Protein chains: 2
Amino acid sequence: MARKSLVGVVADELLDRIISGEFPPGSSVPGELELSARHDVSRMTVREAMKTLEAQRILSVERGRGTFVNPLNRWSSLEAVLRAASEGQNGPAAAVQLIELRRMLETGACELAAQRITDTELDSLRDCVADMRKAHHGNDVVSFVAADLAFHDQILQASENVFVAVLFEPLHRVLEQGRTETSKVPDIQEHAIGHHQKIYEALAARDPQQARNAMDAHMQQTLSDLRSYVLEA
Amino acid sequence: MARKSLVGVVADELLDRIISGEFPPGSSVPGELELSARHDVSRMTVREAMKTLEAQRILSVERGRGTFVNPLNRWSSLEAVLRAASEGQNGPAAAVQLIELRRMLETGACELAAQRITDTELDSLRDCVADMRKAHHGNDVVSFVAADLAFHDQILQASENVFVAVLFEPLHRVLEQGRTETSKVPDIQEHAIGHHQKIYEALAARDPQQARNAMDAHMQQTLSDLRSYVLEA
DNA sequence: AAACGACAGATGTCTGACATCTGACAAACT
DNA sequence: AGTTTGTCAGATGTCAGACATCTGTCGTTT
């Protein structure tokens, strides 16, 4: 079961203690010796755990002084920030903020893609929509989600902006599960197909503004889907 | 002078070798023993360097098999991706893509901020613009840039979206230097003041669409400033 | 031909030691 | 008194060597 390395466990536990507020930003975390005693591991293991948190800018290690917690806005790990932001009753608020972020990136990428997309990529998009239709009629949720993701991935790639793709990747992972849930509802599937179709048409027309608006409508729909899904839960 | 730790040096060198194409995505990097011999450091030092790269999803370590390079789109470090994307003659293209990304985030944040900004935050924005004017008349480039950055930071904060702030932070660092350069030109300063004024007015009116457009105009201006700056260099 | 076992090579972890940096306090010097 | 300097505790940085455990491979056995 526990397939994680000791380093990962220690890093996770330490991050949990940080997120729980035990070590607020600016304060110092216990020394390596103390942590190695607490978790019953060697000092090297603690050091490697610290290094992973330091690489994510969650901790700042200062030689001779100690190790300190950085303020949240310095963290470079979306996942860690998500964990921190979802603490307590902030889960729904964090989810909304994630969708807002996704909206910015996807609408922006879509606008760029309209100016740069190739015919081959357009064909690929058309195929994705066709796959979504087929999966919809066949009640194949897994294939539906796969085609949905492929569609958005293709647009990201067509935007020819590496950085957008990089920033979007962690979002991809985080939003994946929720997507599968909402995609189970047939009505939502139909909505999605319609929106994707319109996005495709706008891209085929190579009209940046229209592409942006089409994607924006899709995102708004997703947000409202999420709201109703979260409310009933 | 060399104030970096050995771990940092090893990690940097290894990342350089990866970026240079010596270890393409999917391939394996040399084993810990080989690297420790090459860099004349202990195995622990190499391991900690690897851990920093692994935490940034640049490497995937698989026990018993080896350590492998992830494809670029899996990397989670904007800075590392920037280094990779700027290789060779791709520097200008990467810079343009960065601005595109910044445009997405800032226009999006500005749109959100228009719906959520407080009177206190509006006052702060007004002060920033005033500071920019003062610095402009006094030929104080440093103060000008500081007020400029404070203005954008304030909007980010008013958007009340933690994730946008997190994603933007590395951009902040990367774009800082270039900003100081372009801000030296008086004409560009005047343009910036005008744009900031309009952004402020749109936010004060709490009009999301207008705020978005005002920020977008500012970003377009910045992009064209960059183009002319890059072209002449 | 399939199953098993030995083996090489890779990462995971531990132990203990020494080096070096920082901050603080006390002794020594002006 | 005020400043400098020395020393020390505590923190991180690095090293060396050892053993554990996982993976893929290659013979050997059945």
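Owing to the predicted nature of the structure, the values given are computational and were not obtained by experimental measurement. So you know, we letter chains A, B, ... as the sequences are listed, proteins then strands, and number each from 1.
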Specify the separation, in whole Å, of atom CG of D40(A) and atom P of dT13(C).
-> 13 Å

Members of residues 17-30 of chain B that approach DNA chain C, where some heavy atom sits under 4.0 Å away = none

Over how many whole Å does the gap from K51(B) atom NZ to dG13(D) atom C1' extend?
-> 18 Å

Salt bridge check: are E169(A) and R173(A) linked by an N-O gap of less than 4.0 Å?
-> yes

Can you tell me how far NE2 of H39(A) sits from CD of E13(A), rounded to the nearest 0.5 angstrom?
-> 5.0 Å

Can you measure from CD1 (I193(B)) to CD1 (I188(B)) and round to the nearest 0.5 angstrom?
-> 12.5 Å

Could you give the NE2-to-P distance, from H39(A) to dG12(C), as a whole number of Å?
-> 19 Å

Minimum-distance nucleotide (side-chain atoms of L6(A) versus dT11(C), dC15(D), dC14(C)) | dC14(C)

Could you list all N or O pairs between the protein and nucleotides 17-19 of chain D that sit under 3.5 Å apart?
from    : atom 1 : to     : atom 2 : distance (Å)
dA18(D) : N6     : R43(B) : NH1    : 3.3

Ranking dT14(D), dT11(C), dG23(C) by distance to the side chain of T67(B), first place goes to dT11(C)

Could you tell me which non-hydrogen atom of P24(A) sits nearest to which non-hydrogen atom of V69(A), and how far apart they are?
-> O-CB, 3.7 Å

Measure from the side chain of S5(B), starting at C-beta and using heavy atoms only, and say which of dT14(D), dT12(D), dT13(C) lies closest.
-> dT14(D)

Side chain of V61(B) only, please: which of dC14(C), dT14(D), dT11(C) is the nearest?
-> dT11(C)

Of all the choices, dT12(D), dA20(D), dA16(D), which nucleotide is nearest to the side chain of R63(B) once you look at every atom?
-> dA20(D)

Pick out which of R63(A), R38(A), K51(A), R47(A) makes a salt bridge (Lys or Arg N to Asp or Glu O under 4.0 Å) with E32(A).
-> R47(A)

What distance separates F144(B) CZ from M132(B) CE, expressed to the nearest 0.5 Å?
-> 3.5 Å

Map E34(B) and V41(A) onto DNA chain C by nearest heavy atom, then report which one ends up closer to the 5' terminus.
-> E34(B)

Starting at atom CG of L53(A), determine the distance to atom P of dT12(D), rounded to an integer number of angstrom.
-> 14 Å

Let me know the distance between CG of L33(A) and C1' of dT12(D), rounded to the nearest Å.
-> 10 Å

Check whether any side-chain nitrogen or oxygen of R65(B) sits under 4.0 Å from OP1 or OP2 of dG24(D), and answer yes or no.
-> yes

Nearest-Å distance for atom pair CZ/P, residues R47(B) and dT14(D) = 15 Å

Does a sphere of radius 6.0 Å around CZ in R74(B) hold more than 12 heavy atoms from other residues, nucleotides or ligands, not counting ones at 6.0 Å or beyond?
-> no

To the nearest Å, give me how far apart CD (E32(B)) and C1' (dT13(C)) are.
-> 11 Å

